[in-house]
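What follows is one structure encoded as C-alpha cells, with my remarks underneath.
In what follows, chains carry the letters A, B, and so on, assigned in the order in which the sequence lines appear, proteins first and then strands, with residues in each chain numbered from 1.
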Amino acid sequence: MIKQQLTEKLEEIIGKYAKEKGIENFVFSVEEPPKNIAADFAVNAAMLIAKKIKANPRNIAAEIIDLILSGMGDIINKADIAGAGFINLHLKDEVLFDELKKIVSEKDKYGSKASNNKEKIMVEFVSANPTGPLHIGHGRGAAIGDSLARILKHLGYNTTKEYYLNDVGNQMLVLAESARVRYLQLMGDEVPFPADHYQGDYIKDIAKRLVDEGRNIDEIDFKKEAVKDILATIEIDLKDFAVEFDNWFSEGAIALDQDKNGKTEVDKACEYLVSKGDAYVKDDALWLASTKFGDDKDRVLKRSDGRYTYLASDVAYHKNKFERGFTKLVNLWGADHHGYVARINACVQMLGFPKEALKVVLYQLVSLVRNGQPVAMSTRTGEFITLKEVVDEVGKDACRFFFLLRAPDSQLEFDLELAKKQSSENPVFYVQYVNARCNSIFRESKSRTDITKNADFSLLNTKEERALIKQLTAFCDTLSLCEKTMSPHHFTSYLIELADIYHKFYEKCRVLSDDSALTSARLKLIEAVCVIIKNGLGLLGVSTPEKM
RNA sequence: GCGCCCAUAGCUCAAUUGGAUAGAGCGUUUGACUACGAAUCAAAAGGUUAGAGGUUCAACUCCUCUUGGGCGCGCCA
C-alpha cells in the first residue's frame, strides 16, 4: 500500500514537472533499489525526462528532488541522486510504523480492496477431460489457477473459479466402451481389450462396482457411470489439494441441451457468427473466419457430416461466460494447447469484446523424473503419475508450494525422489517454520505480566527490524505484481525472502527480554509477521501449522 | 517445413516486465546451541545470463541470426 500511495503522489508532482518541460502523459517507474543500495524506493524519471529534452539527468534529478522534498515532506525523509540519475527515496519511519499497525489491526483483511467490483472475473482451470484421474500436469494448472483466483479475490475482484467439463464427444464413446469391455471381462467374457482404449485400472474399478452392484448390462449407461465415478475421484483429489471450484460447467449444457425451439447454445452461437459474417459455409462445412483476427487459417466449426467440432462448443462456452456477466476471463491451459490461443482470441473479438477481456495463461508441462529416468505421461497407456500419488507422498503443502515456485512459462522438472524428501530441501518448511517460531514465542510470553498494551514501534530501530518491517509492507506490492503478470509465483519468492529476513531478525533480536517496552513492540512486530505469513501462504493454498 | 515457449551458479529456479554490483534453495567447505524451536544463523567458493550481431544513457529482459531442448501444426478433444 505504501508504494501505491507514494507512486500516486510522485505521478502528480513529476507529471506536472514533465508537463512544464513539454512532455505530456509522462510515464516512469517506482521500484525497489538493489539490495546494496540503502534506500527504500528508486525513481527513474529524471533519466527519461533528460533523454526527451536532451538535458543532464542529474540536473533534472536535482530539480525533481526539490519538488519531492517540498511536496512530500510528510512521508519522505531524504532523497538523493545516484548512478546515471536515479532518485533514491528514504521513507520516514512513521510511514512504516503506520503500515505495521494496519497489518496487525486488519489481519486477514490486510491488502484486500473493496473497490474492484467493476470487474467480474472468471478463472477457468484444470478442466481435464473426465476420462481418468488427474495427473501431475493437471496439478500444476490447479495450483496456479486456484492461487491466482485467491489472489484476485483478495484484491477485491468478484472472482469465480470454474471447471469446464468436456463430457461430450468421441472420447466419451471410447470411455464408455472401455468400461463396457472391462465389465464383460469381469463377467467371464474373453473379449480382447482394444489397445487404443483407456488402459488404467480405474476403468476396472468402475466395472467392478457395476458387477458388485449386480447391474444388468442392458440397463447400464456406461458413459454416465464412468463419468460419475471419475468425477467423484477428481473432486476428491482436488479437495485434498486444497482446490475447490465455485462451479462445474458441463459441455453437455451447451452442446446437448435444447431450448423450446430445439436449439442448443452451440447452434445459436454459430448462427450468431454467421449473421455477423464471421462464419461461412465451404465444402459442406461451417468455417470460423478466425484469420480476420490474426489466426493462421480459418477453422471448422461444423463438419461436413453435420457434427460440431470442439471449437464450436468452446465458442458457445465463451459466449456463455460473457452472457453471465463476466468482464474478464482467465483461462489456464497446458502449453500443448498454445496453438488454440489465436482462434479463441478471435472468438472473443467476434463476440464483440476487446482482446484484453480474455487472458490465456499457458503453463509449460511438467516433466517427471524418477531415478534419473524420464517418466512418460499418457492417459491412454496408463503409465502416468497421478496428482493423488504425489500429494500422498509429499504432502499437499509441499506439492502446491513446489508448483508455485516457478513462473508458468518455464518448464518444470519434477523429481519424484526429491519431492518425497520431507526435509529442509523443501522451501515450504522454511516459510512455515517462521510461523512455528513466532507461535513458540507467543506461548512463552503468556507467562509474562509486564506486557504493555500499546507497543511503541519507534523502539524497533535495528537494521534487522527495519528490514523486516519493510518486507512486511511489501505484501501489497507483491499482490499487484501477481495480478499484473497473472502469476502467483512471485508470492513464493516473497515469502521465502520474508522468512529469510525473519530468521536473521530472530538471531539478532531477542523478543522476550527484561525490557518490557521493547518486548511489547517486538511481540507486536512478530504478530504482524504471522499475519503476513498466514495471509501469504493462504493465498497459495498452503497451511500454517503452529507447531511442526 | 511453419508456429509458440524455453536456455541464467554443479543441480532446480528467481530477477519487481528495459534499471544500479544478476539473487535464492539444494549440494560443497568452515564456524555458531547452558535464554524465545539449530527445520536456524554467520562466512566462503561457485556466472562472458547458450553463441554472434544490433537498438539504448542503461539489455537476462527488446530486434535479427545460429545452436540446443519442449510443445503444437486434424472436418480429434
Atom-pair distance ([atom1] on [X]; [atom2] on [N]), nearest Å:
X        : N      : atom1 : atom2 : value
A:Glu507 : B:rC33 : CD    : P     : 12 Å
A:Tyr494 : B:rG25 : OH    : P     : 17 Å
A:Met548 : B:rA38 : CE    : C1'   : 13 Å
A:Asp296 : B:rG1  : CG    : C1'   : 14 Å
A:Arg58  : B:rA20 : CZ    : P     : 16 Å
A:Tyr502 : B:rA39 : OH    : P     : 14 Å
A:Lys504 : B:rA38 : NZ    : C1'   : 16 Å
A:Asp500 : B:rA42 : CG    : C1'   : 12 Å

Does the ring centre of [Y] sit less than 6.0 Å away from the ring centre of [X]?
X        : Y        : value
A:Phe475 : A:Phe491 : yes
A:Phe249 : A:Tyr317 : yes
A:Phe28  : A:Phe26  : yes
A:Tyr430 : A:His503 : yes

Is the number of heavy atoms from other residues, nucleotides or ligands within 6.0 Å of [atom1] ([X]) greater than 12?
X        : atom1 : result
A:Asn36  : CG    : yes
A:Lys292 : NZ    : yes
A:Asp305 : CG    : yes

Contact nearer the 5' end of RNA chain B, comparing A:Cys509 with A:Ile496:
A:Ile496

Decide yes or no on side chain to side chain donor-acceptor pair (under 3.5 Å) for A:Lys547 and A:Asn435, but give the supporting numbers first.
CA-CA 8 Å; A:Lys547 288 182 182 181; A:Asn435 190 62; over 6 Å; no

A:Lys470 to A:Phe41 six-membered ring, cation-pi geometry met (6.0 Å, 45°):
yes

Cation over ring, A:Arg437 on A:Tyr502, under 6.0 Å and within 45°?
no

Please work out if [X] contacts a base, only the sugar-phosphate, or nothing of the nucleic acid, heavy-atom cut-off 4.0 Å.
X        : value
A:Asp514 : nothing
A:Lys508 : nothing
A:Ala42  : base
A:Cys482 : nothing
A:Tyr506 : base

Which letter, B, S or -, goes with each nucleotide of nucleotides 71-77 of chain B from 5' to 3', with contact meaning a protein heavy atom under 4.0 Å?
BSS-BSB

One character per nucleotide, please: for nucleotides 13-19 of chain B, 5' to 3', B when the base has a protein heavy atom closer than 4.0 Å, S when only the sugar-phosphate does, - otherwise.
SSSBB-B

[M] and [N], which share atom name [atom1], separated by this distance in whole Å:
N      : M      : atom1 : value
B:rC2  : B:rG74 : C1'   : 16 Å
B:rA20 : B:rU49 : P     : 14 Å
B:rG27 : B:rA22 : P     : 25 Å
B:rU8  : B:rG69 : P     : 14 Å
B:rG25 : B:rA14 : C1'   : 10 Å
B:rU21 : B:rA15 : C1'   : 14 Å
B:rA39 : B:rG23 : P     : 29 Å
B:rG46 : B:rA9  : P     : 14 Å

[N] pairs with which nucleotide, Watson-Crick or G-U wobble, both distances below 3.5 Å?
N      : answer
B:rC36 : none
B:rA59 : none
B:rG3  : B:rC71
B:rC65 : B:rG51
B:rG23 : B:rC13

Does B:rC36 have OP1 or OP2 under 4.0 Å away from a side-chain N or O of A:Arg448?
no

Would you classify B:rU64 as syn or anti? Syn applies when the glycosidic angle is within 90° of 0.
anti

Can A:Lys524 and A:Glu527 be counted as an ion pair, charged N to O under 4.0 angstrom?
yes

Passes salt bridge (charged side-chain N to carboxylate O under 4.0 Å, His left out), A:Asp40 versus A:Arg466? Steps please.
CA-CA 11 Å; A:Asp40 294 311; A:Arg466 198 178 194 283; 3.0 Å; yes

Of the listed nucleotides B:rA39, B:rA20, B:rC41, the one nearest the side chain of A:Tyr433
B:rA39

